[in-house]
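Just so it is clear: chains get the letters A, B, ... in the order the sequence lines come, proteins before strands, and each one is counted from 1.
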Protein chains: 2
Amino acid sequence: MPARGKATIRDVACRAGVSAATVSRVLSNHGPVSEDVRMRVQQAINALGYRPNRIARSFRTQRSNFIGLIISDVENPFYTSLVRAVEDTAYAQGYSLLLCNSDEDVEKERAYIQFMADERVAGVIGSPASEQETSFAPLFDAGIPVVSVDRRSLRTPVDTVLLDNLASARDLTRYLIARGHRRIAAILPNVSITSGRERLAGFVQAMQEAGLPVDPALICEGKGFEAFGMQAMHYLLGLSDPPTAIFAGNNLITLGVLKALQEHGLRMAEDIDVAGHDEMPWMSLLAKPIIVAAQPIREMGQRAMDLLLARMNGDAQPPREVKLPPRLVVHQLNATAKAAACGEARR
Amino acid sequence: MPARGKATIRDVACRAGVSAATVSRVLSNHGPVSEDVRMRVQQAINALGYRPNRIARSFRTQRSNFIGLIISDVENPFYTSLVRAVEDTAYAQGYSLLLCNSDEDVEKERAYIQFMADERVAGVIGSPASEQETSFAPLFDAGIPVVSVDRRSLRTPVDTVLLDNLASARDLTRYLIARGHRRIAAILPNVSITSGRERLAGFVQAMQEAGLPVDPALICEGKGFEAFGMQAMHYLLGLSDPPTAIFAGNNLITLGVLKALQEHGLRMAEDIDVAGHDEMPWMSLLAKPIIVAAQPIREMGQRAMDLLLARMNGDAQPPREVKLPPRLVVHQLNATAKAAACGEARR
DNA sequence: CCTTCTACTGATAACGATTTCAGCCCATGC
DNA sequence: GCATGGGCTGAAATCGTTATCAGTAGAAGG
């Protein structure tokens, strides 16, 4: 008798006095098995401490039970929450998570996509490093479904879950305008990604509908990291006629903006309003109020997994796009966060 | 001819006019192959766009190329950074990351450990939910090496990478004492995990060596989450003789403490000093200074992977323990972070 | 009673790589 | 010239599961 825990399906079959095929049927609940046999097999499984060899199973079916998740960086709290949401949903369905950080690097991303294809994962959820350049082709070829989150993939269209970026940017900007600001700067991630492009459009729309000029000198675009936000803010503060409010295009940029304001001294910071994206746990601790468009991140992850599961079950409709509404939240010192009075995003 | 990208090792062999065994030898760089043949095989591989079937490979070798990572929660910034460090090191060595959140739940963790064993991962890095209860036995039985990070596993001893918790807690407490505080409270995660137990010990040690009484009413212990930190802080503020300084036992507790202080009003917050663990990117934005013991998280992840890789390569020494020193940092408004003047941790 | 189902079961053939073993060829040493 | 050995190669077994196909037994229907 094999050592406990090392038994194969044949050992179980032998002990139960049936064939391996029957044990497989019991295991997968697929195909008819008499109650009597089913019980004998179960007993044999328990007695031997048998655990199916998942690698052999994957080998036979040529499909693994992993969901590949390709994001920019787990250290970005937005993606962290996304990972968590996806993980919970995935494990609930019997899948586990293969994690990759692309670092916004199209080359690195390409390698990971190829890797996922080689690994025959059951599905992939990704946030493309570039709308134009990212290609999911290797996954398509292998018949592996893909869902894009937070950003579109134009080169290889797939199901996509997005924030309503136009609404969030427009409403945040409207909020700043309603507070009396006229010179508003925008610091945005690259327009080569969906959020950068759409949030710029929302900003411009709000400015124009209020009849305010859009000063190109007040629009900064770059890699959406903290360092860029900081550097852009320093540049803006150095202008002869600096803006009185900032629209920050993502969470890291917001952090950079706040730090730059900090470095310039508290007095100045109080004169400048900041609007950003994503609610973060420390925002209620800030010395000055800030308004943010909170993304329904958990829901985004769940919806992405739902779309993926549908595809994995054979759904073959043309690619769909899910657009979720943001929720505007003002974080104020000595006050619990409250939904913004105006500019609540509509669907 | 098979479709491009779907070729098997036999297709390659056929096209190169050699046997599958030879192709395998070329692929793995294992065993002698003449230069001539090697080139022909390479050409065939390129021509067919052949990619080895990783599942088949894992099946044959009964070992996958995944590193299992079992942590409490990716949304905790400490683990987020750890994930990132482990991931970078793992991918550099040709391994990829399987991520699980145990949520400090021993049962959930048990299931994940079993899953990793079933999956025949190459190695596991974990942060045990409990020193006493967590068991890595299923992994041992399967010959899978394990490294524990941030916490010890007493039931099944393994290589372990820890912060020098005694030093960090002692030095933080010393710092508070040096600033003139006499009534200092400690809010700590459960003593059933390593960090909780050792940080309590460090706190007590510093108090005793300063000849200060350790008031049991000022020591709060519980689940190391934000909600607990907040609730404990509210309790302390409600005492007739509240403490003048707080020693917070982990990063989430620190956040909870700060929020509770916030809710009680800024004036009070200014009278109370806070010392915590982990440096977080937003700390420089705080209205009041805070001192923290920064953990060398990236190094912890790297060291863990190094230990794991050594085991995977057959190292069979008795379990080792790596203890890394913290770095004390004061975050002050309008000032870049600076190393604390006193209490710098020693090795 | 014979046919036709249906329910159940077993034998067997994959899946695609690695590994073992044996064999061949040629150079070297005696 | 013959044995020895090393470099190179191929045939075949193997890993553990699932899927296909055929076969058996008993029930149902005519």
List the residues meeting side chain to side chain contact (heavy atoms under 4.5 Å, CB included) with B:Ala56, not counting sequence neighbours, and say none if there are none. A:Phe59, B:Asn53
Considering only distance and modelled atom types, tabulate donor-acceptor pairs under 3.5 Å from the side chains of residues 296-305 of chain B, sequence neighbours left out.
residue  : atom : partner  : partner atom : Å
B:Arg298 : NH1  : B:Asp88  : OD2          : 3.4
B:Glu299 : OE2  : B:Arg303 : NH1          : 3.3

Overall bend - the helix from C:dC1-D:dG30 to C:dC30-D:dG1, comparing terminal axes fitted on five pairs, nearest 10 degrees: 50°
Listed once per pair and sorted, the salt bridge (Lys or Arg N to Asp or Glu O under 4.0 Å) pairs that draw on residues 97-107 of chain B, sequence neighbours left out: A:Arg84-B:Asp103, B:Asp103-B:Lys108, B:Glu104-B:Arg151, B:Glu107-B:Arg110
Expressed in angstrom and rounded to an integer, what is the separation of B:Arg63 atom CZ from C:dT18 atom C1'? 16 Å
May I ask you to verify if any side-chain N or O of A:Thr22 is less than 4.0 angstrom from the OP1 or OP2 atom of C:dG10? yes
Under the rule for side chain to side chain contact (heavy atoms under 4.5 Å, CB included), what residues qualify as partners of A:Glu321, not counting sequence neighbours? A:Arg152, A:Thr160, A:Leu162, A:Lys323
All pairs passing ring pair (Phe, Tyr, Trp, His ring centres under 6.0 Å) where residues 9-31 of chain A contributes a residue, at least two apart: none
Scan side-chain atoms only and decide if B:Ser81 and A:Glu75 contain a donor-acceptor pair under the 3.5 Å cut-off. yes
Atom pairs, protein N/O to nucleotides 6-8 of chain C N/O, distance under 3.5 Å:
none

Between the protein and nucleotides 15-19 of chain D, which nitrogen or oxygen pairs come in under 3.5 angstrom?
residue : atom : partner : partner atom : Å
D:dT17  : OP1  : A:Tyr50 : OH           : 2.5
D:dT17  : OP1  : A:Asn53 : N            : 3.0
D:dT17  : OP2  : A:Ile9  : N            : 2.4
D:dT17  : O4   : A:Arg10 : NH2          : 3.0
D:dT18  : OP1  : A:Arg57 : NE           : 2.8
D:dT18  : OP2  : A:Ser24 : OG           : 2.8
D:dT18  : O2   : A:Arg60 : NH1          : 2.0
D:dA19  : O4'  : A:Arg60 : NH2          : 3.2

According to side chain to side chain donor-acceptor pair (under 3.5 Å), who are the partners of A:Ser28, at least two apart in sequence or on a separate chain? none
Could you check how far CD1 of B:Ile55 sits from P of C:dT18, rounded to whole Å? 14 Å
Contact list for residues 79-135 of chain B, test ring pair (Phe, Tyr, Trp, His ring centres under 6.0 Å), sequence neighbours left out: A:Tyr91-B:Tyr112, A:Tyr112-B:Tyr91
With sequence neighbours left out, the residues meeting side chain to side chain contact (heavy atoms under 4.5 Å, CB included) with B:Ser34 are B:Asp36, B:Val37
Partners passing ring pair (Phe, Tyr, Trp, His ring centres under 6.0 Å) against A:Phe66 (at least two apart in sequence or in another chain): B:Phe66
